[in-house]
Amino acid sequence: MGVKIDLIIKIKKPAEMTNKELLKSKKTLAVVTYMLCGMIMIMFFSGIYMTVQKGFNAFTTMPIAFLPIFIINMSSLDKIKKEIKERGL
C-alpha cells in the first residue's frame, strides 16, 4: 500500500502576477540570485585553491554546474523588472 502524493506547482508568468506578487517575487528572487552568485564565487576560489594544493578534483567543476541556475534566475529577474517597469510600479 503506497501513498500517492500529487504535487502541483503553479508557476505564474510575470504578466499574470498581481502587483503585490510581482514586487515580492522580485525581492525574493534578487536575494536568492545574489546569494547564489556569492556562493558560486566562493566555490570558484575554493576550487582554484584546492586545485593548486591537491590537484584537479570534483570540487573544481562545481561552480560550472551551478552557472545555469544563476543564468536562469538572472533571466527571470530581468523579466520581472521589465514587467514592473511596464506597469509603472
Side-chain angles (χ1 to χ4, degrees):
M1 288 203 247
V3 177
K4 183 178 177 185
I5 299 175
D6 290 325
L7 179 61
I8 299 173
I9 300 174
K10 174 124 170 103
I11 299 173
K12 290 184 177 181
K13 294 179 182 177
E16 298 171 350
M17 292 181 185
T18 64
N19 291 345
K20 187 176 180 180
E21 288 175 331
L22 203 57
L23 294 172
K24 183 178 178 182
S25 183
K26 177 192 171 210
K27 183 178 178 182
T28 304
L29 191 57
V31 169
V32 169
T33 302
Y34 294 125
M35 285 178 63
L36 179 62
C37 179
M39 295 307 296
I40 289 172
M41 290 172 57
I42 289 170
M43 285 190 289
F44 177 73
F45 291 117
S46 297
I48 290 174
Y49 176 76
M50 289 177 69
T51 300
V52 169
Q53 294 296 317
K54 298 180 181 181
F56 185 81
N57 57 40
F59 292 109
T60 307
T61 60
M62 283 181 61
I64 296 168
F66 283 94
L67 277 178
I69 298 169
F70 176 73
I71 292 168
I72 290 168
N73 282 358
M74 286 302 293
S75 174
S76 298
L77 190 57
D78 287 341
K79 289 176 185 176
I80 290 173
K81 285 180 180 179
K82 181 181 175 186
E83 184 66 28
I84 288 173
K85 187 176 180 180
E86 286 177 5
R87 293 186 190 186
L89 300 178

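Residue numbers start at 1 and run along the sequence shown.
Note: the hydrophobic cluster containing Phe66 does not contain Ile71 (ILVMFWY, side chain heavy atoms under 4.5 Å, direct or indirect links). Met43 and Met41 fall into different hydrophobic clusters, where Ile, Leu, Val, Met, Phe, Trp and Tyr residues are linked whenever their side-chain heavy atoms come under 4.5 Å apart, directly or through other members. A continuous path of ILVMFWY side-chain contacts below 4.5 Å connects Met62 to Met50, so both sit in one hydrophobic cluster. Hydrophobic cluster membership differs between Ile42 and Phe70, with clusters built from Ile, Leu, Val, Met, Phe, Trp and Tyr side chains linked at under 4.5 angstrom.
The distance from the CG atom of Asn73 to the CG atom of Asp78 is 11.0 Å, given to the nearest 0.5 Å. Taking OG1 from Thr33 and NZ from Lys26, the interatomic distance works out to 12.0 Å, rounded to the nearest 0.5 Å. How far CZ of Arg87 is from CG of Asn19: 5.0 Å, rounded to the nearest 0.5 Å. Note that CG of Leu29 is 9.0 Å distant from OH of Tyr34, once rounded to the nearest 0.5 Å. With values rounded to the nearest 0.5 angstrom, Phe45 atom CZ is found 12.5 Å from Ile40 atom CD1. Atom CG of Leu67 and atom CE of Met74 lie 12.5 Å apart (nearest 0.5 Å).
Within the 3.5 Å criterion, the main-chain N or O of Gly47 finds a donor-acceptor partner in the side chain of Thr51. Counting only distance, with no hydrogens or angles, the side chain of Thr28 and the backbone of Ser25 share no donor-acceptor pair below 3.5 Å. Without hydrogens or angle criteria, Thr60 side chain to Asn57 main chain gives a donor-acceptor distance under 3.5 Å.
Salt bridge Lys79/Glu83: absent, no basic N to carboxylate O contact under 4.0 Å.
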